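Comments concern the structure below.
Just so you know, these numbers use all the heavy atoms, side chains as well, and skip hydrogens, waters and symmetry mates. Everything numeric in this text was worked out from a predicted model, so none of it was measured.
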Amino acid sequence: MNVTLNIWLLTVAALCVLIAVDFFIGRKPHEVSIKEAGIWSAVWIALAVIFGLGVAVFGGGQPAGEFFAGFITEKSLSVDNLFVFVLIMAKFSVPAKYQQRVLMVGVLVALVLRTIFIAAGAAIISTFSWVFYIFGAFLIWTAWKLVQDARHDQHEEEYEENKLLKAVEKRFGVADRYHGTKLFIVENGKRVMTPMMVVMLAIGSTDVLFALDSIPAIYGLTEDPYIVFTANAFALMGLRQLYFLIGGLLKRLVHLSYGLSIILGFIGVKLVLHALHESGVHVPEISIPFSLGFIVLVLAVTTVTSLRASKKQVLAEEAAAAERKADGSGSGSASQPDRTA
């Protein structure tokens, strides 16, 4: 797409307005209801669809297909990231009414970091076409690692603080309790961080790792920085509401890691084929319509199989609990003395 500077500025300004509106609505700490999360999740998805249709009208079907493929891929990766957010919230015992503020800052940090990664990726790709080999190999390795992690356990049971976060905590000190949404307080004459600041740093530093696989993944679907940026922005903007909407559903998506590994592996192969094609090797290239259809199909199958597996597990646990209860009742009855004798 031939995107002018004015369009870039207008897009960034519009996103800033949306961020401001979202922040204004959620500025007062409160527990987010399912209804509120559902409405705003639908709003963000609708805005992404409208934007994609606008790209189709003004840019053509190819850029629109790239946007929707990128948006769905980034949204899927973001859902997987929510598992880590849940662990971080539990690790630092974040009160429910403050969780939305933490996620808001986390989303903003993620958006800034990904913008930097997108700009760097665009500069590297425009200069070195062989970088697609690196991106492709990295995604294939990431896909394999996801499978290995999923075979052992879906996700780590407890979040472990990284060395940078521990160093910051040691340097500034941390208060023993939350003080509303304050990030720093003065305690015994010393300025220290609050747990709110620590958890925001935890999510922000984790966002760096998330960007390492999400940016190469979307560059495997499009080389247009404008499409990469907007797809990431729309995928991230509804992440906070999605956290509250499907928080209970996350544990039921037991096959999500397998689905994401297939998608990342597929995009990795697509990148390698594209790199070979750019090098003059005659190999088939995977089209955007096929990529979009494949991604949607994998996510649909993954969701269905996950829900079925979760349902079977719940039924098995209920049956086991009923059997234990029956055994307990039976043994209790057998232990009663025979009063008739």
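- M237 CE to W44 CH2: the interatomic distance, rounded to the nearest 0.5 Å, is 3.5 Å.
- Here the CD1 atom belonging to I118 is positioned 7.0 Å from the CD1 atom belonging to I218, to the nearest 0.5 angstrom.
- With a 6.0 Å radius and a threshold of 12 heavy atoms from other residues, nucleotides or ligands, F184 has its CZ atom above the threshold.
- Distance check, rounded to the nearest 0.5 Å: CG of L139 to OG of S261 gives 12.0 Å.
- Using the six-membered ring where Trp is involved, F234 and F67 have ring planes that are perpendicular, over 60° apart on the 30 and 60° scheme.
- Here the CG-CH2 distance, from L47 to W40, works out to 8.5 Å after rounding to the nearest 0.5 Å.
- With T194 contributing its side chain and L183 its backbone, the two residues share a donor-acceptor pair below 3.5 Å.
- Enclosure of atom CH2 in W144 is not indicated, since only 12 or fewer non-hydrogen atoms of other residues, nucleotides or ligands lie within 6.0 angstrom.
- When I267, L271, V272, L273 are each tested for a side chain to side chain contact (heavy atoms under 4.5 Å, CB included) with V269, only one passes: L273.
- No donor-acceptor pair under 3.5 Å is formed between the side chain of Q99 and the backbone N or O of M89.
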Donor-acceptor pairs under 3.5 Å, side chain of residues 299-308 to any protein atom, not counting sequence neighbours: which ones?
residue, atom, partner, partner atom, Å
T302, OG1, V298, O, 2.7
T303, OG1, L299, O, 2.8
T305, OG1, H255, ND1, 3.1
T305, OG1, V301, O, 3.0
T305, OG1, T302, O, 3.1
S306, OG, H255, N, 2.9
S306, OG, T302, O, 2.7

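- In this structure, CD1 on I295 lies 15.5 Å from NZ on K75, to the nearest 0.5 angstrom.
- No donor-acceptor pair closer than 3.5 Å links the side chain of Y219 to the backbone N or O of D224.
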